[in-house]
4 protein chains.
Amino acid sequence: MKEDKRERIRDAAISVFAEKGFSEARADEIAERAGVAVGTIYNYFANKEAILIDIFEAEFTRLKEFYQHLRRSGLPVVEQIRQILKEHFARLEERQELIRVLQRERFKLLEHPGAEPLELYREIVAYVEELLREGIENGLLRECNPRIIAHALFGAVESVTHCSMICSPEESQQLFREAPEELAKFIWRGITLEGG
Amino acid sequence: MKEDKRERIRDAAISVFAEKGFSEARADEIAERAGVAVGTIYNYFANKEAILIDIFEAEFTRLKEFYQHLRRSGLPVVEQIRQILKEHFARLEERQELIRVLQRERFKLLEHPGAEPLELYREIVAYVEELLREGIENGLLRECNPRIIAHALFGAVESVTHCSMICSPEESQQLFREAPEELAKFIWRGITLEGG
Amino acid sequence: MKEDKRERIRDAAISVFAEKGFSEARADEIAERAGVAVGTIYNYFANKEAILIDIFEAEFTRLKEFYQHLRRSGLPVVEQIRQILKEHFARLEERQELIRVLQRERFKLLEHPGAEPLELYREIVAYVEELLREGIENGLLRECNPRIIAHALFGAVESVTHCSMICSPEESQQLFREAPEELAKFIWRGITLEGG
Amino acid sequence: MKEDKRERIRDAAISVFAEKGFSEARADEIAERAGVAVGTIYNYFANKEAILIDIFEAEFTRLKEFYQHLRRSGLPVVEQIRQILKEHFARLEERQELIRVLQRERFKLLEHPGAEPLELYREIVAYVEELLREGIENGLLRECNPRIIAHALFGAVESVTHCSMICSPEESQQLFREAPEELAKFIWRGITLEGG
DNA sequence: CATGAATGAGGTTTCATTCAT
DNA sequence: AATGAATGAAACCTCATTCAT
């Protein structure tokens with residue numbers, strides 16, 4: 001019950017942050033959408049920014065766990081990358097607003113250089129980077145700068161959100177249906193050896 | 001002289017927006033960096049948001065012109081894409097702060113659905129989309145959804161900015177040197193026909 | 001308690017408006033005199049102008065009720081006019097600042113042509129106008145344009161405020177003592193039939 | 001030519017003051033309506049308030065001269081009062097905006113207790129007051145407090161402006177036609193001896 | 001723990017006034 | 001004398017945060 005209220009506040013915050021952006025989001029509105037009084041927010045979070053940090057931390061922790069799990073799975077590199085993409089798109093579909101907040105407010109992480117979320121983000125990218133490196137070493141992927149390509153991979157996936165920004169809701173729906181397959185192909189070709 | 005002052009205000013705004021984000025940027029600081037009084041800002045722009053919109057509009061207009069020029073050039077698709085990447089990275093290198101603002105505040109465009117900048121952005125992506133479509137029709141590029149891939153292309157390129165966010169200044173420098181080549185390869189493989 | 005605070009803010013505003021005029025009245029000073037923080041004002045009123053409108057509305061509603069009550073009283077026209085003057089001067093004595101604000105800022109009502117206060121003001125004058133018309137029909141008052149004379153009646157009464165503006169506090173006091181009687185006579189002679 | 005420009009600025013100010021009130025009147029708009037640059041205003045007036053003071057002073061000086069002239073005319077009291085009303089209404093008709101400004105901003109005079117305009121205003125009322133006193137002494141007017149009645153007289157006349165505030169332009173026109181006669185009768189009966 | 005009225009620091013914007021041209 | 005861009009003090013209002021109930 002207690003944790004439930006914290007959850008509700010966070011979800012309400014996600015919804016408002018996604019819509020107006022962090023800075024324009026008012027505590028009143030978060031409280032209203034969460035169905036609590038403004039004061040209650042401050043029983044669970046130190047301040048508005050703490051909610052955002054918490055959102056980042058929760059999602060990045062979740063992602064990190066996913067990657068750790070994946071690594072321990074012992075699946076071949078190819079399959080791991082496939083799983084990553086699958087996971088990403090599944091998450092995007094089920095929690096569009098959350099993903100939108102993470103992308104929209106990502107720059108705020110820089111204001112807390114030593115804090116948890118940025119560190120987690122680094123680790124997440126590092127996992128992918130290492131995966132790519134492994135793939136290269138195993139002769140499965142082509143030679144490349146794994147850090148750059150790891151980011152490019154994320155960038156390509158995230159672009160779907162930007163795309164949905166400029167098209168109609170109907171086009172958006174179609175987009176979300178086709179994007180996983182399209183991007184998987186795009187990325188796959190981008191990183192595998194010719195003829196691989 | 002007059003246009004010069006407007007320019008100085010805009011550049012100062014870019015610098016502050018890049019650093020703190022639009023919402024946290026204070027008019028005082030923009031004025032200070034521009035070397036003018038606060039009031040002067042409002043002789044050139046209706047309000048703080050108008051500066052941001054102007055920044056978007058100016059850059060997107062510039063980009064649109066570049067794309068129009070490119071299209072009229074009659075260069076082969078391959079070469080056009082090469083030029084686009086070259087242009088993007090050159091711009092990123094010479095105006096990092098500007099690019100950072102465009103990426104950071106892109107979501108604000110949604111608040112002005114009918115306004116110029118969003119329309120320009122649509123046109124820009126549409127150019128790339130059409131270029132891809134042309135390449136596909138000519139048998140130069142593989143079959144794909146050109147809209148999705150157009151965005152993915154942008155996303156991959158933009159990811160460099162995010163990458164530079166999480167690494168040291170030295171790593172960043174190296175990154176900017178290597179990224180163009182790396183991304184060109186990644187994208188090229190991602191869109192060409194096998195063995196193309 | 002809550003309504004009490006709203007009241008205190010309104011009264012403080014009346015005091016400042018009377019002294020400096022609406023436009024020169026600063027929100028800080030209203031808050032200070034009301035014994036609240038600036039922000040508290042805006043928990044009760046949308047903005048500074050809303051306080052003024054509220055002042056007009058409250059007083060005009062009060063007046064309208066007085067006139068409605070009077071009309072239902074069935075008193076003879078003569079007595080009704082006597083009551084109106086009595087009421088006016090009593091109100092002037094007990095709430096000089098309020099009356100001063102109503103007179104001073106009356107022109108601001110024109111900026112809200114369809115709003116409540118102007119409408120109430122119209123109704124109030126209309127009551128007097130009709131009363132005069134009734135008196136004329138009954139042969140108690142001389143033939144006249146009741147609308148013009150209704151306004152003239154108000155104007156004459158209000159002039160006391162202007163008079164007090166240009167004389168010393170001592171003279172003012174004497175003025176307030178003598179004015180009711182003097183004006184009653186003046187008005188009475190002005191509207192009754194010769195020898196009435 | 002020089003005096004002409006000063007005049008144009010003053011007239012423009014009257015027009016803006018009448019419309020928006022002194023405090024809401026912007027120097028830019030006065031300049032625009034006067035057909036000069038903002039800076040030019042300050043070559044002729046020390047500041048915005050000085051224009052208002054000047055407007056008051058000019059009109060009150062004019063009025064004072066009229067009253068002085070009248071007094072020296074040796075006309076009978078009755079005729080003098082008739083002339084005063086005639087003059088008032090003529091002025092109201094030819095310079096409605098000016099009259100509106102004088103009435104609207106009259107309270108600002110209190111902020112300059114020792115200044116010329118308030119002094120002139122005192123003198124003007126004093127003339128009428130004395131005229132009334134003379135009439136009473138001569139047995140032409142009824143016994144009354146001449147100061148109060150002098151103000152009441154002004155108040156009644158000024159009420160026409162307020163009346164025109166709440167009615168349609170067409171009603172206003174009719175009002176201005178009928179008011180002089182109506183008010184003259186009202187006032188005359190209010191101050192003369194019964195059967196006078 | 002929950003509430004929500006109160007707080008007041010702080011930011012945006014306005015606009016009277018100046019002064020270099 | 002005329003100009004109008006530049007100035008910056010000042011005012012309104014917002015809204016994250018607190019704390020008494």
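Chain letters run A, B, ... following the sequence lines, proteins first, then strands; residues in each count from 1.
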Specify the separation, in whole Å, of atom [atom1] of [X] and atom [atom2] of [N].
X	N	atom1	atom2	answer
D/Glu29	E/dC15	CD	P	11 Å
C/Ile9	E/dA6	CD1	C1'	10 Å
D/Glu32	E/dC15	CD	C1'	15 Å
D/Glu24	E/dT13	CD	C1'	15 Å
B/Ile41	E/dC15	CD1	P	17 Å
C/Lys48	E/dT13	NZ	P	19 Å
D/Phe45	E/dT18	CZ	P	15 Å
C/Leu52	F/dC12	CG	C1'	16 Å

Closest non-hydrogen atom pair between D/Arg104 and C/Lys108, with its separation: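 Smallest heavy-atom distance, with atoms named: NH2-N, 4.2 Å.
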Validation row: D/Phe17, D/Ile30 side chains within 4.5 angstrom (heavy atoms): yes
Within-4.5 Å side-chain heavy-atom neighbours: D/His112 and D/Pro117: no
Complement of F/dC13, any strand, by Watson-Crick or G-U distances under 3.5 angstrom: E/dG10
Paired nucleotide for F/dA1 [Watson-Crick or G-U wobble; both distances under 3.5 Å]: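 Per the H-bond distance test, none.
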Once you apply a heavy-atom cut-off of 4.0 Å, does [X] come out as touching a base, just sugar-phosphate, or nothing?
X	result
D/Ala50	nothing
A/Ala46	nothing
B/Ala31	nothing
B/Asp28	base

Counting only side-chain nitrogens and oxygens, does [X] get under 4.0 Å of the OP1 or OP2 atom of [N]?
X	N	result
C/Tyr44	E/dA6	yes
A/Tyr42	F/dT17	yes
A/Asn47	F/dA16	no
A/Asn43	E/dC1	no
A/Lys5	E/dA2	yes

Check this for me, if you would: do [X] and [Y] make a salt bridge, where the nitrogen-to-carboxylate-oxygen distance has to be below 4.0 angstrom?
X	Y	answer
A/Arg100	A/Glu97	no
A/Arg91	A/Glu59	yes
B/Glu119	B/Arg122	yes

Among F/dC15, E/dT3, F/dT3, the nucleotide that comes nearest once only the side chain of D/Thr40 is considered: F/dT3
Proximal nucleotide (of F/dT7, E/dA16, F/dT3) relative to the D/Ala27 side chain: E/dA16
Which residue lies more 5' along DNA chain F, comparing C/Glu49 with D/Ala37 via nearest heavy atoms: D/Ala37
